[in-house]
2 protein chains.
Amino acid sequence: MPPGRPPRQADIARIAGVSQATVSVVLGGNRAGVRMADETRRRVLEVAEDLGYVPHPVATRLASARTNMIGLYTFRTTFPTDVADSYYPILVGVEEAAASLGQDLVLFTGTTGGGTHSAAAIRRVRIADGCLFFGRHVPGEPIARLVDSGFPLVYIGRRHELAGRIPYVGADYVTASADLVTSLHDLGHRTIRYVRENDDAPPSADREHGVRRAAPDAVLTRLEHGTLPVDTVRGWVRDGVTAIVVEETDTGAAYTAVRRALDAAGLSTPDDVSLAVLGRPPTPDGGVTGFEVPFRAMGGQAVHLLVDLITEQETVPQRLLRCPPVAGRTAGAAPKRS
Amino acid sequence: MPPGRPPRQADIARIAGVSQATVSVVLGGNRAGVRMADETRRRVLEVAEDLGYVPHPVATRLASARTNMIGLYTFRTTFPTDVADSYYPILVGVEEAAASLGQDLVLFTGTTGGGTHSAAAIRRVRIADGCLFFGRHVPGEPIARLVDSGFPLVYIGRRHELAGRIPYVGADYVTASADLVTSLHDLGHRTIRYVRENDDAPPSADREHGVRRAAPDAVLTRLEHGTLPVDTVRGWVRDGVTAIVVEETDTGAAYTAVRRALDAAGLSTPDDVSLAVLGRPPTPDGGVTGFEVPFRAMGGQAVHLLVDLITEQETVPQRLLRCPPVAGRTAGAAPKRS
DNA sequence: CTGAAAGCGCTTACAG
DNA sequence: CTGAAAGCGCTTACAG
């Protein structure tokens with residue numbers, strides 16, 4: 001055996017005077033109920049030990065269909081430069097769960113190879129046993145191919161595309177938003193203003209859906225350029241608005257705009273007007289009434305769901321996680337009607 | 001082709017009416033100067049596209065070509081829960097470079113499979129073409145095996161183990177620390193106190209080395225339990241210490257301890273005493289004199305070095321990156337000697 | 001220019 | 001109970 005080349009089963013077999021397959025059986029534990037004569041087993045193990053044998057993982061994987069690698073395809077940089085990004089906790093959850101299930105994680109950045117999310121880039125995920133997807137949009141054609149071919153995949157975040165055939169683990173923004181608005185209603189608020197960004201991804205649509213369910217009369221303002229004129233906010237309060245509900249997304253644009261306008265207008269919460277956020281505002285602003293988005297759990301559950309799909313377990317392929325309310329100090333009882 | 005099974009070269013060959021080997025040659029680019037009739041090539045490529053073919057990375061690797069996957073083995077969680085962690089920028093740099101080189105990234109967590117960094121866990125990295133390692137310590141035996149067998153690997157951070165045969169990309173803490181202390185000397189400081197944590201990993205040892213080179217007389221204090229008594233600091237200043245140099249690590253323990261002691265003692269910088277940090281303190285504390293650690297560049301260069309190693313380019317296998325000084329406002333001219 | 005064969009190192013039926 | 005064979009999906013000599 002030349003130096004520099006790791007020993008293989010064939011080397012052991014030759015020295016121990018048995019077949020390579022026998023070595024495989026002995027070293028692979030006693031799977032499939034195969035039994036070996038003790039003497040044979042002993043000799044094989046001894047030679048293996050002597051040679052410092054270590055199985056070649058690539059060969060092992062090729063011979064046994066699975067790779068124990070799951071993919072993570074992001075339609076953006078995997079590691080956001082802005083660490084405060086809500087995306088980060090998802091990664092933590094994904095990694096945690098993957099490790100606990102003995103799965104390695106393959107990162108596909110999509111931007112690899114120049115073409116932005118070319119069909120070829122997406123196809124590459126097949127190198128793993130299954131793949132997690134994360135991003136605001138679904139490139140229909142390539143994803144459809146994967147789903148149709150039975151390739152196990154799970155979206156992180158609710159999806160309705162492909163006639164609802166995409167497995168996902170999302171956050172229940174509808175219920176959380178409705179509950180939050182209902183709690184405002186319970187505090188006596190009857191005239192609510194709802195501010196959201198100008199983006200129609202599912203998380204935004206779901207929040208609006210929830211708000212409308214709980215407060216059909218709430219008037220909606222879509223932020224055009226991410227800013228809100230001071231006078232507009234003043235006008236709302238003058239006209240009887242007692243509570244403002246703001247969408248919260250990765251960028252936090254809507255919340256920031258409202259917060260700035262309120263500050264500039266000299267309006268304080270909850271005294272002059274109540275404020276609730278459909279999520280969590282950026283960390284420095286503690287105490288804002290809203291709800292928690294279980295990002296980490298979403299990542300973890302997505303991995304578990306994916307592995308269930310890969311191993312063909314019976315499972316619920318579309319899951320919505322609850323977003324626990326955050327009490328906060330920016331929403332209070334509505335003033336008595338004048 | 002049954003649904004659920006990804007297409008393989010044999011499928012393409014059958015449909016295109018050529019041999020599997022021909023498919024391999026066409027799809028593998030025109031290696032080995034093999035040429036194909038344009039018509040054959042076209043047909044194969046077309047069928048491959050139709051079928052959404054993607055090479056099986058494990059088979060590719062076993063047949064001893066490349067997979068274009070590079071591994072990242074961390075002796076800890078890949079995504080630190082504490083995002084402020086210095087480790088994060090390294091990841092950003094790694095991903096950026098990997099994407100730009102068309103390499104997918106495989107995350108190996110080491111903790112996978114229960115055993116902490118068992119030899120088996122480390123062996124798994126052979127699935128990739130090469131692997132980046134990151135962590136304070138080097139598990140000698142498994143790493144030695146990899147290196148001996150010629151498997152390409154690169155450590156992020158300087159290593160001296162295995163008789164200096166481990167390729168790495170590190171930060172030049174020695175020079176940066178020496179320069180920082182020299183700059184204090186230039187400001188007139190002659191009695192310098194050096195505070196470090198009680199850990200002997202290379203980054204700590206290198207910093208100490210640099211400090212000692214520039215100021216052989218500097219007295220060293222090793223932090224026992226991460227705290228520094230107020231009286232101790234008062235005593236230093238009373239005894240003529242005009243500058244304190246503090247080690248900076250991930251935890252920031254030493255800096256935090258010194259900062260707290262100074263505050264508690266009512267000593268201000270740079271008026272009562274100058275303060276310099278061997279790195280960057282945690283973000284909220286801006287303006288501290290110290291130096292930048294090029295984490296992101298380290299990650300990026302490590303990837304480039306690894307790919308060079310994989311493709312057997314001539315290259316410098318051990319690189320130390322410069323840490324640019326940060327002027328800051330906590331170090332000033334030493335008071336005139338009394 | 002193209003195909004058939006051998007082989008990468010292992011696992012898993014399948015014969016003896 | 002054990003060995004020889006086939007095969008995982010690919011690449012790379014080697015013949016035609």
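Naming convention: chains lettered A, B, ... in sequence-line order (proteins, then strands); numbering from 1 in each chain.
You'll find that the side chain of A:Ala21 is closest to D:dA4, out of D:dA4, D:dT12, D:dG7. Across D:dA4, C:dC10, C:dG9, the shortest atom-to-atom separation from the side chain of A:Thr60 is found for C:dC10. Distance from the side chain of B:Arg8 is smallest to D:dG9 among D:dT11, D:dG9, C:dT2.
For the atom pair B:Leu309 CG and B:Phe151 CZ, the distance stands at 10.5 Å (nearest 0.5 Å). Taken to the nearest 0.5 Å, the CG atom of A:Leu306 stands 10.0 Å off from the CZ atom of A:Phe133. Distance CD/A:Gln9 to OH/A:Tyr53: 4.0 Å, rounded to 0.5 Å.
For the pair B:Ile127 CD1 and C:dG9 P, the computed distance is 16 Å after rounding to whole Å. Counting to the nearest Å, the P atom of D:dT11 and the CG atom of B:Asp129 are 13 Å from each other. What separates CZ of A:Arg61 from C1' of D:dG9 is a distance of 16 Å, to the nearest Å. Nucleotide C:dC10 holds its C1' atom 13 Å from the CG atom of A:Asp11, rounded to whole Å. Per the geometry, CD belonging to A:Gln9 stands 6 Å off C1' belonging to C:dC10, to the nearest Å. Regarding B:His56, its NE2 atom lies at a distance of 17 Å from the P atom of C:dG9, rounded to whole Å. Rounded to an integer number of Å, the gap from A:Leu62 CG to C:dT12 P is 12 Å. The separation between A:Leu51 atom CG and C:dG9 atom C1' is 15 Å, rounded to whole Å.
Partners of A:Ala63 by side chain to side chain contact (heavy atoms under 4.5 Å, CB included), not counting sequence neighbours: none found.
Side-chain nitrogen and oxygen atoms of B:Thr40 include at least one within less than 4.0 Å of the OP1 or OP2 phosphate oxygen of C:dT2. Distances shown here put a side-chain N or O of B:Ser24 below 4.0 Å from the OP1 or OP2 atom of D:dT11. Checking the phosphate oxygens (OP1, OP2) of C:dC10, a side-chain nitrogen or oxygen of A:Tyr53 falls inside 4.0 Å.
Looking at which nucleotide of DNA chain D each of A:Gln20 and B:Ala63 is closest to, the 5′-most match is held by A:Gln20. Each of B:Gly17 and B:Ala59 was assigned the nucleotide of DNA chain C with the nearest heavy atom; the assignment lying further toward the 5' end belongs to B:Gly17.
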request  = Would you sort out whether A:Ile70 and A:Leu105 count as a side-chain contact (heavy atoms from CB on, under 4.5 Å), showing the intermediate values?
outcome  = CA-CA 5 Å; A:Ile70 60 181; A:Leu105 217 48; 3.5 Å; yes

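Between A:Asp11 and A:Arg14, at least one side-chain N (NZ, or NE/NH1/NH2) sits under 4.0 Å from a carboxylate O, which counts as a salt bridge. Between A:Arg42 and A:Glu39 there is a salt bridge, with a side-chain nitrogen of the basic residue lying less than 4.0 Å from a carboxylate oxygen of the acidic one.
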note = Annotated structure of DNA chain D as dot-bracket, pair cut-off 3.5 Å, Watson-Crick or G-U only, | for inter-strand, is |||.||||||||.|||

